[in-house]
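Quick note: numbers below take in every heavy atom, side chains included, and nothing from hydrogens, waters or symmetry partners. Each ligand, and each atom within it, is numbered from 1 in the order the structure gives.
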Amino acid sequence: MRILIIGGGVAGLTLAAELLQQGRTAVIVEKAAEYTDVGYGLGLYPLGSGVLHGLGRYKQFLDSGVVSQTYEVADGKGKVLQSAQMQTFTADIGPLVMISRTDLIDILRDAAGAADFRMGTTVTGLDQSREDVVGVTLSDGTQEDFDLVVAADGIYSQTRTSVFGHQRPDDTGWVLWTWWAELPQWPKDLVREYWGRGSFFGVYPCKDRVMCAAGTPADEMTARPGDLDQARQFVRTTQADLIEADPRIGAAIDEATGFFPWPMADVRAEHWSRGRVVLCGDAAVGFLPTAGVGASNAMRGAAGLADELSRVGPETVPLALELFEKRCRKVIEDNQQDSRSVAKYMFVDSGPAAWGRDQLLKIYPAEKVVQQIIASMKTPF
Ligand SMILES: Cc1cc2nc3c(=O)[nH]c(=O)nc-3n(C[C@H](O)[C@H](O)[C@H](O)COP(=O)(O)OP(=O)(O)OC[C@H]3O[C@@H](n4cnc5c(N)ncnc54)[C@H](O)[C@@H]3O)c2cc1C
């Protein structure tokens with residue numbers, strides 16, 4: 001079967017690795033000329049990381065990440081309102097592991113190593129006028145026919161727009177900036193988020209460094225992330241209360257060597273497939289980071305697609321795509337909804353709403369948020 005995967009990110013590489021196990025070698029076109037280190041880390045639940053067992057990469061994954069033992073939510077002045085021991089609800093499914101995106105991509109790329117990689121390449125044309133094949137034009141001018149085209153080109157998927165039209169994003173109106181810090185004083189197993197009024201700060205330890213994230217409403221953003229000094233000053237100003245309460249926050253901001261800007265919006269595709277073209281990962285259902293399940297769902301979804309494809313030949317590809325959507329859509333969209341629900345509490349602008357949220361947090365256990373995610377892991381997929 002001739003398979004083209006557009007996008008060599010989390011979903012695309014997972015799919016390529018799974019297909020290799022079936023004896024199928026996919027072509028991967030990745031628009032980046034090479035993989036470079038990016039300014040963020042990922043929390044992977046067994047929901048997604050479980051796929052690595054089957055790929056023989058789970059130990060490598062554990063060695064490259066950090067098990068998050070404690071998850072805490074504090075208010076905008078640094079007072080801890082909730083503290084949850086992850087072990088109490090992940091004991092029977094496996095741990096939540098923080099890993100840099102770069103390290104995860106390295107592991108997946110290794111697993112997908114025998115695929116046909118075309119770096120620095122995109123798709124400029126898709127022709128589905130013939131029933132049994134997709135005609136593809138690549139940015140290097142070559143033309144090839146494929147039995148299946150998988151769009152795994154991320155949340156801003158151009159393939160989704162060209163095949164299904166524009167899908168309106170769901171926007172929280174906030175922006176997060178992420179960056180790496182050393183922060184040796186921070187406990188390696190502690191993830192803590194500070195939910196303020198008009199501000200957010202998160203500390204997520206990975207293997208040798210700590211991912212930090214600072215957020216504000218987009219319309220209050222008065223600095224550009226590319227101007228490092230100006231951006232640092234802006235983050236310091238928005239996190240002034242926290243810096244006063246905990247000097248480690250100020251140190252983390254001072255350590256930034258670049259900020260990765262991330263608009264807090266997601267998207268949901270109305271349809272996942274048309275003919276022999278299918279969406280996978282964020283291209284189908286994009287995620288806010290608020291429940292930490294975007295990459296997990298990208299991996300789980302890719303594995304679900306590979307499994308459906310394992311039972312068809314080139315002539316019945318559209319059936320596999322239909323079954324893939326039936327099998328995965330509800331669980332993945334439910335997780336997306338969980339992320340949206342958490343965002344409503346996390347990103348609060350008004351003083352009274354933040355005060356009410358903080359009172360609620362004192363009595364509403366953080367476990368409840370995580371429990372919904374855990375429940376989806378126990379749902380057949
Ligand atoms: C700061 C940040 C923190 C996050 N934290 C978490 C977390 O804690 N837990 C979690 O589970 N998820 C998290 N996520 C979300 C997670 O990264 C995504 O859900 C996941 O990467 C989706 O995988 P994907 O393969 O669909 O897309 P991506 O991993 O984004 O990969 C898409 C790939 O397609 C390539 N591409 C794009 N356009 C084209 C094109 N036209 N042609 C060819 N290639 C193209 C891109 O270069 C990229 O390599 C986070 C995301 C960010 C930005």
>> Filter on salt bridge (Lys or Arg N to Asp or Glu O under 4.0 Å), then keep only pairs touching residues 272-300, sequence neighbours left out; what's left?
In response: none

> Considering residues at least two apart in sequence or located in another chain, which fulfil the side chain to side chain donor-acceptor pair (under 3.5 Å) criterion with Lys77?
Replying inline: none

Name each N or O atom in ligand 1 that is under 3.5 Å from a protein N or O, and give the partner atom and the distance.
from, atom 1, to, atom 2, distance (Å)
ligand 1, 8 (O), Gly43, N, 2.8
ligand 1, 9 (N), Gly43, N, 3.4
ligand 1, 9 (N), Gly43, O, 2.9
ligand 1, 9 (N), Gly292, O, 3.3
ligand 1, 11 (O), Gly43, O, 3.4
ligand 1, 11 (O), Gly292, O, 3.3
ligand 1, 11 (O), Gly294, N, 2.9
ligand 1, 11 (O), Ala295, N, 2.7
ligand 1, 11 (O), Ser296, N, 3.3
ligand 1, 12 (N), Gly294, N, 3.4
ligand 1, 12 (N), Ala295, N, 3.0
ligand 1, 19 (O), Asp282, OD1, 2.9
ligand 1, 19 (O), Asp282, OD2, 3.2
ligand 1, 19 (O), Gly294, O, 3.4
ligand 1, 19 (O), Ala295, N, 3.3
ligand 1, 21 (O), Arg101, NH1, 3.3
ligand 1, 25 (O), Val10, N, 3.1
ligand 1, 25 (O), Ala11, N, 2.7
ligand 1, 26 (O), Asp282, N, 2.7
ligand 1, 29 (O), Val10, N, 3.3
ligand 1, 29 (O), Arg101, NH1, 2.7
ligand 1, 29 (O), Arg101, NH2, 3.2
ligand 1, 41 (N), Gln158, OE1, 3.3
ligand 1, 44 (N), Lys31, N, 3.1
ligand 1, 47 (O), Glu30, OE2, 2.6
ligand 1, 49 (O), Glu30, OE1, 2.6
ligand 1, 49 (O), Glu30, OE2, 3.4

> Taking the side chain from Ser139 and the backbone from Thr121, do they hold a donor-acceptor pair closer than 3.5 Å?
Replying inline: no

> Is a side-chain donor or acceptor of Gln230 paired with a backbone partner of Arg224 at a separation under 3.5 angstrom?
Replying inline: yes

> Given a cutoff of under 4.5 Å between side-chain heavy atoms of I, L, V, M, F, W and Y, with clusters grown through shared members, what are the other residues clustered with Leu323?
Replying inline: Leu319

> Any idea how Tyr58 and His53 line up, ring-wise: parallel (<30°), tilted (30 to 60°), or perpendicular (>60°)?
Replying inline: parallel

